[in-house]
Amino acid sequence: MNWRCLSSLLFGTKKPARRHRKRPCQAAAVEALEIRKLLTADLRAEVADAPNIAYKGYAVPVTTQVVNDGNTASGGFYVRYFASLDTTIGTGDTLLKTVYRPSVAAGGRSDWTESVTLPANLAAGEWHIGYQVDPFNFVRESDETNNALVAATTTVSIPPPVDLRAASVGIPYLAMGGKTYNVATIVANQGTGASGAFQISYYLTTDGTIDDSDVLLKSVAATSIAARSQRWWYESITLPFETATGNYRIAIVVDPLDSILEPLENNNTFVTSAFRITAPPKIDLQAIIENAPAEVLPGQNAFIQTRVSNSEASPSGTYKLNYYLSTDDTISTSDFLLKSVTRASLAGGASQTWTEQIALPANLASGTYRLGVIVDPANAILETVEGNNVGGTGLPFVVRIPDKAGQFNIAFNFRGLTESQQEIFRQAADRWSEIIVGDIPDQTYYGVFIDDVQINVSAKAIDGAGKVLGQSGPQRFRYGTSLPLISVMEFDTADLAAMERAGTLYDVMIHEIAHALGLGSIWKQKGLLTGAGGAAPLFTGKQAVAAYNEIFGTNATGVPVEGNKSPVGSRDSHWSEAVFTNEVSTPYLTGSVRPISRVSVASMADIGYRVNLDAADFYLPAGIAGSVAGGTGSGSGKAGLQQGTDARSSAWLAAPAGFGPATHAFDLTWTHPILNGTATSLVNNALDTVKSVATAPVPKDVVQTIVDVLDAQRLRNSQAPWGSDALTSGFAGADVWTGGLATTDAEAL
């Protein structure tokens, strides 16, 4: 189209045309008008949104969306934001801000959030925050009526006096997972009043946006910040041990729970620049005490066998190890420090075992302590597991400081036993300390102080309950006397638990400690066993033989010992089961009462101990009638009168006249362990009376004598008295016990 044609269309002037020519100018003008109609923009305000509450003098985020409904790009345009008292933007509204926006393509849209500040002098009340697109009509549009839009009501009020802002956080350039760093923190209060106490949370993030995938590192309480002030400090932050190698950021969030009313809530988070975190080396140190003396004296040296292992792949580097004494069951760095040592680096998967000499303080009070060890007590080494550095995995070892100077002491090293099982062991040892009364000179074995015998007791799973119980016996001997110095006991944990439940563990420990002290285990070495390996071996110790002949009424030259018809573990080291039945040193656990007879006590004297024969339990062999000689000392064994169910010897059936036929034979066995010689005589006299008058009345004062003796002895041993009711409940009358005694009678006196 040329100018002449255009001007004729615009101004109505025409140049006369020749007939033989067409009218090209008119056709071109129509075409130009059609093109102008197709290339028109149309900007439209689509979305306007603002907070429900805003504060004078503070910024307000306004969500803005402008759409171009035209068929050509709009080109750059202006947007003006207003505060209006009604829903229409007009000349009386308050201008808040003018911004310039880039072109919007045909059919496209532009979304953004604009921060606009409300004037400090804006009247409080209900306002509509809105905007107007292309307010100066610089953009040619097909529709100029859709350029303005307001949001819902925003209540504008006086701002609260506090405005906390996370200003910055200082970070390390390089860091390692599991380590602790001091992070510089700055928080400002832009408000007009003090903030009051508030909370701060630190997060580890990979992208700078706080969400559920980020790790909360720490939350701390901060004290109030004055108006128009700021505070900075160092906060100790520990990075998670399991953090993978990579780039991270730390985000600080002030008042994360929005507990403080603020005019601006979007300035409470600050995200640092990225920094590098590397994964830590794999180290896991564990410590255990493998051997330690159970009894030591103040001022003496203790030799502690210690093992430290590193179960991970990386070398540990130099590490520290501390030894402690504790008065309770827990070992910690607050306990009494015995010694601190530094050890060389431990390779991955390796372990170190050594014996550490530790001097106990001379002023250490007598008592029971826990000995423990802590590897890396200050947590200077980064480990995959920090909770296994104390004393290994078992119970702490017991260090008992002897308070029985001049007496016979049995010390234990326990491993794998429960506290209740250990206590039963100690009770059994105390019983033997009542029998063996002579002190043995103290001795040090490879630095281990021993007074008088040390028994190392361990328990582990072997083959379940009721099969192999374990083994016990001396391991090291004293010079000169050849008495046991160190003995060992090994048990199946299942058997220990089963015996504890059944109530037999005490008697079994009496038996096993006897072996550990030498009963049966050193007879051959002492030359006190004849016929070993045969069917009827004999123990020839003079004092035991005398006690045997006194009890059994014989004139034997030796005490019968279990022969080769028994298993290897029973023969040549136990009293004959057939002869001694329920005595505690026979090879089988039989009967409900298992006394330590004078024969067993005397045999300990024969092998070299100084003993108290009167500390033996009362023991009556099966089938032996009448009163029995033998001490019934002050031991703590089980007590009671046990009525038998049959007559066990022909001699008994023939004794004395008037007892009655064999069908009514009555075998009364006295098994009380704590009576003295005088009491024994009284009891035996009472028994003789009962046996001789099967159908005649028995005076109650005879039975009362038995009751009184028992009560007196029980009180002497800090036991509750039985009282006459317990022993006379089977009497038919107030004063007498009448009637014959049949084999089925069950009077348990």
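Count residues from 1 along the sequence.
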Between Glu583 and Ser600: side-chain donor-acceptor atoms closer than 3.5 Å: yes
Beyond-backbone contact of Leu485 with Val453, side-chain heavy atoms, under 4.5 angstrom: no
Nearest atoms (heavy-atom pairs only) where Asp492 meets Asp463: OD2-N, 2.7 Å
Considering all heavy atoms, the nearest Trp523-Asp572 contact: CE3-O, 3.8 Å
Sole residue of Ile607, Leu528, Leu517 in side-chain contact (heavy atoms from CB on, under 4.5 Å) with Ile522: Ile607
4.5 Å side-chain heavy-atom contact, Ile304 and Glu290: no
Side chain to side chain, Ile374 and Ile331, heavy atoms closer than 4.5 Å: yes
Flag, side chain of Asp617 to backbone of Ile596, donor-acceptor distance under 3.5 Å: yes
Candidate pair Arg370 and Tyr324, rule side-chain contact (heavy atoms from CB on, under 4.5 Å), full reasoning: CA-CA 8 Å; Arg370 300 289 180 179; Tyr324 295 92; over 6 Å; no
Approximate separation, where rounding is to 0.5 Å, of Ser566 OG and His574 NE2: 9.5 Å
Residue pair Lys339, Glu356: steps toward the salt bridge (charged side-chain N to carboxylate O under 4.0 Å, His left out) verdict: CA-CA 9 Å; Lys339 189 175 185 179; Glu356 194 68 41; 2.8 Å; yes
Intermediate values then yes/no, side-chain contact (heavy atoms from CB on, under 4.5 Å), Leu538 and Val561: CA-CA 5 Å; Leu538 296 173; Val561 174; 5.6 Å; no
Sidechain-backbone polar pair: Asp335 side chain, Ser332 backbone, donor-acceptor under 3.5 Å: yes
Contact check, side chains of Leu337 and Tyr323, non-hydrogen atoms, under 4.5 Å: no
Salt bridge flag under 4.0 Å for residues Arg571 and Glu577: no
Student check: side-chain heavy atoms of Thr327 and Phe336 closer than 4.5 Å: no
Which atom of Trp432 lies closest to which atom of Ala514, heavy atoms considered: CZ2-CB, 3.4 Å
Min side-chain heavy-atom separation Pro595-Val584 under 4.5 Å: no
pair Asn612-Ile435: side-chain heavy atoms closer than 4.5 Å: no
CD-OG distance between Gln475 and Ser521, expressed to the nearest 0.5 angstrom: 12.5 Å
Closest approach of Ala516 to Pro474 (non-hydrogen atoms, all atoms of both residues): O-CG, 4.0 Å
Lys/Arg N to Asp/Glu carboxylate O, Arg431 vs Asp507, below 4.0 Å: no
Donor-acceptor contact below 3.5 Å, side chain Arg476 vs main chain Ile486: no
Parallel, tilted or perpendicular: rings of Phe580 and Tyr619 (30°, 60°): parallel
Smallest separation among heavy atoms of Ser603 and Leu519, with atom names: OG-CD1, 3.7 Å
Closest heavy-atom pair and its distance - Arg478, Ile450: NH2-O, 4.3 Å
Val457/Leu417 under side-chain contact (heavy atoms from CB on, under 4.5 Å): CA gap, chis, key distance, verdict: CA-CA 8 Å; Val457 185; Leu417 280 74; 3.9 Å; yes
Residue pair Thr306, Thr355: steps toward the side-chain contact (heavy atoms from CB on, under 4.5 Å) verdict: CA-CA 6 Å; Thr306 310; Thr355 298; over 6 Å; no
Residues which pass ring pair (Phe, Tyr, Trp, His ring centres under 6.0 Å) with Tyr609, listed by chain and number, not counting sequence neighbours: Phe408
Side-chain (Thr586) to main-chain (Thr581) donor-acceptor, under 3.5 angstrom: yes
Asn564 side chain to Gly533 backbone, donor-acceptor under 3.5 Å: yes
Mutual orientation of the aromatic rings belonging to Phe425 and Phe414 [parallel < 30°, tilted 30-60°, perpendicular > 60°]: perpendicular
Flag, side chain of Gln305 to backbone of Thr353, donor-acceptor distance under 3.5 Å: no
Pairs involving residues 530-548, ordered by first then second residue, that meet side-chain hydrogen bond (donor to acceptor under 3.5 Å, both in side chains) (sequence neighbours left out): none
Short side-chain to backbone donor-acceptor contact, Ser433 and Ala429, under 3.5 Å: yes
Check: Asp439 main-chain N/O paired with Asp452 side-chain donor or acceptor under 3.5 Å: no
Presence of salt bridge, Asp606 and Lys526, under 4.0 angstrom: no
Separation of Ile289 CD1 from Asn413 CG (nearest 0.5 Å): 10.0 Å
Thr504 and Arg594, any side-chain heavy atoms less than 4.5 Å apart: yes
Test item: side-chain donor near acceptor, Asp328 and Ser326, under 3.5 Å: yes
